[in-house]
Amino acid sequence: MSTETTPIVEINGVSKRFGSFAAVDNVTLSIGQGEFFALLGPSGCGKTTLLRMLAGLELPTEGRLIIDGQDMSGVPANQRPVNMVFQSYAVFPHMSVLDNVGYGLKVSGVQRPEIRERAQEALALVKLGDFGQRMPDQLSGGQRQRVALARALVKRPKVLLLDEPLSALDAKLREQMRLELVNLQETVGITFVIVTHDQDEALSMASRIAVMEAGQVRQLAPPAELYEFPKTRFVADFIGSVNMFEGRVEAVEKDVIRLACPGLERPIEVEQTDTPPVGATAWAALRPEKIEISKEPPSDPTENATPGRIEEITYLGEVSIYHVRVSEALPLVKVAMANVDRVTRRPFTWEDEVYLSWTRQCGVVLDR
Amino acid sequence: MEDWRRTPLVFWVTSLPPTLWLVVFFLIPLALVWVMSFGELDGLIDIKITGTLANYARALDPLYLEVFGKSLVFAGFTTVISLLVGFPVALAIVFASPRWRPILLLLVILPFWTNLLIRTYALIAVLRVRGFANFSLEWLWDQGNTVLALMGLGSYQLLGDRFEPLELLYNNTAVVIGLVYVHMPFMILPLYAALERLDRSLIEAALDLGASQFRAFLTVVVPLALPGIISGGILVFIPALGSFLTPDLLGGTDSQMIANVIERQFKGANDWPFGAALSFLLMYLTFAALTVRALVNRRAERRGGA
């Protein structure tokens, strides 16, 4: 699923200003029918404001929003073909679960028997079939969230908007809900637009992700592309963990960039089609899990390599992060290694003199 | 809550002064009045406690029942009008910008800084025949006539041949206006407290689900503000029911409330036993109102509403 499908949401040069501050700054993007679309960014990047503008809870200062081919200017929140799952869930505390789910149908004038039937159906969809008579204060956080989901889905919106839907859940439940949300989206076939500050969440659920910073979309791509080929240092740093080497582009030969980095003996070589000009300042971004640690220098001379000393080891269960000093002038380099063996049989330990190596296909060179 | 068991000394020392105060200045005088309500006059000043129920029997005379009824109606109107006026005001304060909120709240409680008597006289200056309300109306009448004259309709005297000032003072309306004015803060403040706690996203959720603004107000805001509505209602109804100054100064001959009658028994009529009986009947009425609140609250709790 990508932009080739018919767009259900078109955001056209949309800005939202509060005084001189632009919460959303000239954003243009389109979301395809049936997509699971994520707006990802740190807090204050404008992602929630953008979502609320789609819902009609905020009005854009500039630009146009088109949902399902219809211009949303002047269409109030209660007439838009979208529904929202709020961060706080906003489950009505004075209504039973069934009344909560049926609320949207009731205010739209649907007949009572149909309300019951559809609300019950929606509750079954989120596995709360037997909870209709409960009051919200008798539910756990996860169950309340399911109520909010059912309440929004029962209206059969063109687009379901989710504002940080998993942030209030504990880690285990969050992981389970990610999977369930993806399954749910496949079942109902409705376009989901989710706002999150959690990169794992966006990577694991979304078909495409827009990374936002300071009100602007920095990069819009499918998860793997975003992770492997970030376009800016911000995106590289925000999505996952990254080692950044600043340097000067020394030469470009046959799509191989040679980046001279102060502090490293050899320039870093990266294979890349889109290259900055020779002489420009650039940064090599390298994921910790793409670097290998060995006692001996690599045999392949085309491989990047640098000596270093292990200064710190962080044990994270499934992986350990080795912090390696390659130069006094550079920050410690993070290297992730799966803990295949038990920790006591770790191949390397503190103060070990080692070689770090990585191929030319790993990492990217960024010029901004 | 069980802490006092571990430090009983602290508990007794801290609770003794207020308890003594309540007993000496509240419970004992109240008990005296209660006992007095079963007595009869003996001569001009002496009261003999005979255990008679004659005072209560007399209080149930249609004459007094009517005054009780009228007091209930006045207090009821006052409560409803305060609610209808106070709710939008409380909502406006809640939705005002944080910079304005304390100022608006201050304006609500500002009247408390002035003595009730002075405020009531000020209201007389507004409502009397040659008062500010009528001045304003007369000014409007003049302007209306000027406009009509300009339109060439001046000679028809469509607004009457002269301005008739409204009789705004010394009647039932004046009493209710005065009571609403005096008690409005007691309605607005609990409403504000209830509405301020209301999660805005609940209103947004209602709108998002397709409810009109009005529907969202009725189905989400009002039910969740119910504790505030009930508290405000009680805080207005009970003092309004026992009002004495407002009907005395603003009311006409037929807008006396029960407190005026009680006052007259204790002073002019010098019939303390009967005044005591009326007082206690008023208190029982108040208890009844509080019971209604307790019942409503319990039902709201059973429904799970917070």
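Just the heavy atoms: all of them, side chains too, but no hydrogens, waters or symmetry mates, feed the values below. Quick note on labels: first sequence line is chain A, next is B, and so on, each numbered from 1.
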| said: When you measure from the side chain of K155(A) to the backbone of L209(B), do you find a donor-acceptor pair of N or O atoms at a distance under 3.5 Å? | reply: yes
| said: Looking only at the aromatic ring of each residue, does the gap between the centers of F186(B) and F112(B) stay below 6.0 angstrom? | reply: yes
| said: We want to know whether D71(A) and S73(A) form a side-chain donor-acceptor pair, criterion being a heavy-atom distance below 3.5 angstrom. | reply: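 Their side chains do contain a donor-acceptor pair, which is all the 3.5 Å distance test asks for.
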Side chain from CB out, backbone as N, CA, C, O: work out which of these in [X] comes under 4.5 Å of a heavy atom of chain B, or both, or neither.
{"X": "R52(A)", "answer": "side chain"}
{"X": "F92(A)", "answer": "both"}
{"X": "V91(A)", "answer": "backbone"}

| task | With a 4.5 Å cut-off on heavy-atom pairs, point out which of S96(A), G56(A), G104(A) contacts chain B the most. | result |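 Option with the top pair count is G104(A).
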| task | Give, as side chain, backbone, both or neither, the part of D208(B) having an atom under 4.5 angstrom from any heavy atom of chain A. | result |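 For D208(B), the contact with chain A is made by backbone and side chain together.
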| F217(B) and F214(B) aromatic ring geometry - parallel, tilted or perpendicular at 30°/60° bounds | parallel
| field | SB check R17(A) E62(A) (cutoff 4.0 Å) | value | yes
